[in-house]
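Take a look at the structure set out below.
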Amino acid sequence: MSEPLAPPWGWRGPGAGRAAHVEPAPEYQATTSQVCGLYPFTAGSGTPTAGTPVGRHQLWGEVVCLDPLAWLREGLVTNPGMFVLGQPGTGKSTLVKRLVTGAVATGTTPIILGDTKPDYTRLVEYLGGQVIRVGRGADRINPLDAGPLDEARRRLSGADAETLRWEVRSRRLSLLLALATLVREARITNAEEVVLGRAIDLLDDRLDHEPTIVDVLRILEEGPAELRGATRTDTADAYQAQTRGLVFTLDLLISGSLAGVFDAATTRPLNLDAPAISVDISRVRAAGDKLLTAAMLCTWAYAFGMVDAATALAELGAAPRRSYLGVMDELWRALRGAPGLVEHADALTRLNRAKGMASVMITHSLADLDALATEEDRAKAKGFADRSAITVLAGLPPRELARVHEITPLTGPEQQLVTSWSAPDSWQPGARHPGRGKYLIKTGERLGIPVELSLVGPEVDLYDTDQAIRVNP
């Protein structure tokens, strides 16, 4: 005969262990050094389940999910900025491509803001997205094209129209100043900025279409009374002397090394209804860093302007509200072209949270940012990493981790782990790089999440960036 089972609260009666209420066991959160005496009653803290699955935890085997916007919605981070850092060949773009694929699946529109190699074109085409190929004889981007933002402004009246008008003006002037700084390799003077601003105002009043750099140059050469007043000159000769340098700078934008790319109307506007968008600027790479930098700056400004326009229309009830994932690969190329370009990029990306847009910035090393021209630019460039709530580290050497530690605190074991991914431990041909597909995800002061990504299905082919150098048997 089996022993009778005790009721849930114990036997009734004196000394029988009867409990009127059973308290749950206390739960403590601490490091393994502090609670090692409680072993084996310890467990990992778990991994985020919000976002796109990007691999398994290297210690616990749990699935790790990552998505800046999803993490922001869940309260895991305070902003949707993400900074990816790692040596070439460690799989930075592979991780970002997984995030792009997951974004499309969840209704977020990824925008590749200047694909220089190109790494993302095949994936975007596979996902049914739009690929814009910028270059001589291909697609063109008008740096002064405000797209639907200007259309929305023309449909409004009163204070709303005035607000959008100043936003459009500010964007046009900011990018024009950045491009002029790039070709001149020096900052535009205050007097020249005043003249350019007045020229943009005049074109806005006179034209019924989006102005181009050719239009700006033409009105500067004409020298109407409004522009002569802006230069504080009384005669045509004095005006020409005052604006001579600025005229030659703008002429370089349309007839120099940048000719044929930014000197006409936009040929293929971004389609924000597409599942994904990639602006392929690989064709301008052979023309040198100056043209490549200009292409990246124009792509950033144009795409962010389109997103701002969509946000403004959504607030007016004229369009659906969307979320976006902006990918800024090879960040350092767009920042080193001339002094002051960092400030332009900083202004574009600072308010992404209000736009419903996450940004992913990718570079090889913080040393890339140290190579910028001025100390002011270097400090602002490091601010990109400092402001990003999520930092992802692939294989990096110890000297690089010392720089990262100044921005994102790393424990000793975390630094050792990332360092172990930085180089093969043998000369054996064909050996897999120890850091390929391995990442440490850091957010604030939390302990990092070491994750390993495994490719599945068509990802093996779509995410492969080494096809061009692989010899076919």
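These numbers were taken from a predicted model, which means no experiment stands behind them.
Of all non-hydrogen atoms in Arg56 and Gly61, the two that sit nearest each other are NH1-O, 2.8 Å. Scanning both residues, Leu203 and Pro211, for their nearest heavy atoms gives CD1-CB, 4.0 Å. Here the shortest heavy-atom pairing between Asp215 and Leu207 reads OD2-CD1, 3.8 Å. Pro143 and Cys298 make their closest contact through CG-SG, 3.8 Å (heavy atoms, listed as atom of the first residue, atom of the second, distance). Between Ile213 and Leu250, the shortest heavy-atom contact is CG2-O, 4.2 Å. Among all heavy-atom pairs drawn from Leu455 and Arg98, the shortest one is CA-NH2, 4.2 Å.
In this model, a donor atom of one side chain and an acceptor atom of the other lie less than 3.5 Å apart for Thr249 and Arg184. For the residue pair Thr189 / Glu192, a side-chain donor-acceptor distance below 3.5 Å is found, with atom types taken as modelled. No side-chain donor from either of Asp280 and Ser278 sits under 3.5 Å from a side-chain acceptor of the other. Looking only at atom types and distance, the side chain of Thr108 has a donor-acceptor partner in the side chain of Ser323 under 3.5 Å away. Side-chain contact check for Tyr120 and Asp329: at least one donor-acceptor pair (N or O, by modelled atom type) lies under 3.5 Å.
Residues satisfying the side chain to side chain contact (heavy atoms under 4.5 Å, CB included) test with Glu222, not counting sequence neighbours, are Arg206, Arg218, Ile219, Pro224.
Salt-bridge formation is detected for the pair Arg268/Asp139: a Lys NZ or Arg NE/NH1/NH2 atom is positioned less than 4.0 Å from an Asp or Glu carboxylate oxygen. Using a 4.0 Å cut-off between charged side-chain N and carboxylate O, Asp201 and Arg169 make a salt bridge.
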Q: Check the pair Lys442 / Glu414 against salt bridge (Lys or Arg N to Asp or Glu O under 4.0 Å), numbers first and verdict last.
A: CA-CA 10 Å; Lys442 290 285 294 184; Glu414 287 175 342; 3.1 Å; yes

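A donor-acceptor pair under 3.5 Å is absent between the side-chain atoms of Lys438 and the main chain of Gln58, judged by distance alone.
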